[in-house]
There are 2 protein chains.
Amino acid sequence: MGTALNALKMLEYFSSSQPEIGLSHIARLAGLNKATALRHLRALEEFGLIEQNPQTKSYAIGPAALRLAALREIAKPGLDGARQKMQAAMHEVGESLHLTLLEKDTLQTALVVETTQHSVRVSLDPSEIIPVNATASGLCMLSFGPAFLLERLESDTLTRFTDATMTDPKIIRDRVAQIGQAGWANSNGSFEDGVFGYAAPIFGIDQIAIGTIAIAVPEIRATSARQPLILTSLHTLSKELTANFGGQTPETFPTEFHP
Amino acid sequence: MGTALNALKMLEYFSSSQPEIGLSHIARLAGLNKATALRHLRALEEFGLIEQNPQTKSYAIGPAALRLAALREIAKPGLDGARQKMQAAMHEVGESLHLTLLEKDTLQTALVVETTQHSVRVSLDPSEIIPVNATASGLCMLSFGPAFLLERLESDTLTRFTDATMTDPKIIRDRVAQIGQAGWANSNGSFEDGVFGYAAPIFGIDQIAIGTIAIAVPEIRATSARQPLILTSLHTLSKELTANFGGQTPETFPTEFHP
DNA sequence: CGTTAGTGGTTCATTAAATGAACCGCGTTA
DNA sequence: TAACGCGGTTCATTTAATGAACCACTAACG
C-alpha cells in the first residue's frame, strides 16, 4: 500500500556520504526488486527529483529538489513554521518557549513565544547572545552542535551569572557528555535565579545541531510532576523543528526523554 | 502508468502565487478524483514533501523539500552540473560556450567551456563584466531578466565596442522586444569583431532570468547552415540549465528557436 | 581463455494495489 | 430551509505494480 510513498522512500538512502547510488545497490538498500526499483527511479527522474549520471549510470538527487525548496521557503519562511509549532506547544505546556539558532559562531535567540496562561512567567531578551555555559540551550548546543564550540571552551572566558553557573571546563564537559546521552539539557537557575530551563537540539542536514528549542519554567512551577509533560513536548518539538528546518535527527538520538 | 509520477505531478500546482491549495481545488487542477488526490497528498505528506495546514486544511510544500535540496547541493554543486551539460553541448556543436549569471546587479561570466575541435575559437576572459548592450547574453538578460536592467538603460553609459555596437536605448529596446518573442538573442560582432554570439535565458523559480547560456562562434563558421544545430542546442541548454538551477521556464516561452 | 560474479536493464504472466462514483457530515451562502 | 461547496470515506471494479527469469555487458580471476 502506497506505491508513491515507496518510490519516495528511495530518496532516503541518499546522504552526504553517499550522494550517488547504483540501481542494484539502492534496490538492495530499499529491499525492492530491481525492476520496481528501476521503475520508481524512472518516475522520480521524470519529475526531476532524481538524476542519472550518464557515465556511471548511478543515481543522485535531482534539481527539482531545489525548485521545491524555493517554493517551500515562499510558503513557509522557516521561522513562521517554527512559530506555529512553538505556539501549539506553548498552549500544551503553558510555559514560554524560545528558539535559538547558531548564527556564524554565536548562539542567538531567533524566536520567543511567551505564555499567556500565567502572570509569573519567564521573559527573555531576544537580542541577547546565549552563554553556552549557563543555559540549557548553550549546554545542549555544546553536546550536539559543531565541535568548535566545545573546543574553544577553555580559551573562552566563562561568565558567572549566578551561584549555580558552571565555569570549570572540566565540569562542563562532564555535563555535556551526560546531555549527549539523555538528549536534553536543563539549567536550574544557572543563568538567572528562579528560572529552570529545558532544552533539546534542532539538527541540520548533517545531523549536527543548528540550534535549540527551550522551555523556560519559573522555579515555583518546576515540579517533578510537570517534568514528563515538559519533556515529551520538548522531544516532539525537537523532531518537528528539525524537520521544519530541513534537518535530520541522528538515529542514535533517544526516542523519548527521561527525567 | 506511473502512480508515483502522478502523485509527484501534484506538486507542480504549487507556486509562489498559490503556495497553499485545498483538496478539491488541487484535484480539479490535476484532473484527478478527490479520493486519489487525497491518497496522493497523504503519501507526499508522510514523506514530508507536503504539509497540511491544520487550521485551513489546505496543503503546501513540506519541509522534506529543504532536506532534499541540501542533499542535491552536496551531490551536485550547481555549476558542476551546468559544466557537464555545457560540455556535452560543446561536443555536439563544436564551439565554445559560456554561462553568465546575474550577480547582484551585474552580469558576470560564471563558467566557460572552450571547444577543442577547432584551433580558431572564441576565448573569453572569465573575469569580465558583460555589457548588456553589446553581447547576446546581455540583450537576452534585458529581455528575460529583472525589469531594473531595462529601466536603468538610459541612465547607464553604454560603451561602443565595435562599429556594430548598439548604443541608442530606443534601438536596444526594439531589439529586446524582438528577442522576447524569439526566445534567443544574437550579436554579430557587436562586442568583438569576428565573433558571433547566440544566447538564451536561464530562468529562476519566479520565471525571471537569473542568467544566460551563450554559444560563441567565429564569423567564418557562422554559416546559416549551422544555425539550426546551434539553435536547437541552445534551446535544450536553456531548459536543462533552468532545471539545473531549480528554475522554471515560463509557459509562454517558445518550444523551439527559429532563425 | 573460459568461468564467475557483478552490473544496468527488460519481459510478461500473476497479483495486488490504485481508482472513482456515490456517499457522509459539516459549514456557508441564498 | 435548501442548495452548494468543502474535506474526507467507502467498496466494487479495473488498472497498474510486481518480481522471477532473463539478456547483454564488464571486471576480476585462475
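Chain naming here is simple, since letters A, B, ... match the order of the sequence lines and numbering starts at 1 in each. In what follows, every heavy atom counts, from backbone to side chain, and hydrogens, waters and symmetry copies are set aside.
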Residues passing the side chain to side chain contact (heavy atoms under 4.5 Å, CB included) test with Leu38(A), sequence neighbours excluded, are Leu23(A), Arg42(A), Tyr59(A)
Quick check: closest heavy atoms across Val93(A) and Leu229(A), and the distance to 0.1 Å?
CA-CD2, 4.3 Å
Length of the line joining Asn53(B):CG and dC6(D):P, which is rounded to integer Å:
17 Å
Of the non-hydrogen atoms in Ser137(A) and His98(A), which two are nearest, and what is the gap between them?
OG-CD2, 4.5 Å
Tested for side-chain contact (heavy atoms from CB on, under 4.5 Å) against Cys140(A), the lone hit among Ile202(A), Leu107(A), Thr212(A), Thr100(A) is Thr212(A)
Heavy atoms within less than 4.0 Å of DNA chain D: which residues of residues 44-52 of chain B have one? Give them sorted by number.
Gln52(B)
List for me each residue that meets salt bridge (charged side-chain N to carboxylate O under 4.0 Å, His left out) alongside Arg83(B), sequence neighbours excluded, and say none if there are none.
Asp80(B)
If I take atom CD1 from residue Ile230(B) and atom CG from residue Asn186(B), how far apart are they, to the nearest 0.5 angstrom?
10.5 Å
Whether Tyr59(B) contacts dG8(D) is assessed here as follows: a side-chain N or O lying under 4.0 Å from the phosphate OP1 or OP2. Is that the case?
yes
Within less than 4.0 Å of OP1 or OP2 of dA18(C), is there a side-chain N or O belonging to Thr3(A)?
yes
Shortest non-hydrogen contact between Leu99(B) and Ala82(B), atoms and distance
CD2-CB, 4.3 Å
State, to 0.1 Å, how close Arg67(B) and Gly246(A) come at their nearest heavy-atom pair, and which atoms those are.
CG-O, 2.9 Å
Please examine the side chains of Leu66(B) and Ile205(A), heavy atoms only from C-beta on, and report whether any two atoms are closer than 4.5 Å.
no
Separation between CG of Leu41(A) and CG of Leu49(A), rounded to the nearest 0.5 Å:
11.5 Å
So Leu97(A) and Leu237(A), do their side chains get closer than 4.5 Å, heavy atoms only?
yes
From dC6(D), dT18(D), dG8(D), nucleotide with atom closest to Lys57(B) side chain:
dG8(D)
Within this structure, what is the CD1-to-C1' distance between Ile21(B) and dG7(D), rounded to whole angstrom?
15 Å
Roughly, in whole Å, what's the span from CG in Leu5(A) to P in dA17(C)?
13 Å
Tabulated below should be each protein N or O lying under 3.5 Å from an N or O of nucleotides 28-30 of chain C; please produce it.
none

Among residues 28-42 of chain B, which ones have heavy-atom contacts with DNA chain C below 4.0 Å?
Asn33(B), Ala35(B), Thr36(B), Arg39(B), His40(B)
For the helix from dC1(C)-dG30(D) to dA30(C)-dT1(D), measure the angle between the helix axis at one end and the axis at the other, each built from five pairs, rounding to 10°.
30°
Can you check whether Phe47(A) reaches Glu12(B) side chain to side chain, under 4.5 Å on heavy atoms?
yes
Hey, what do you get for CZ (Phe14(B)) to CD1 (Ile61(B)), rounding to the nearest 0.5 Å?
5.5 Å
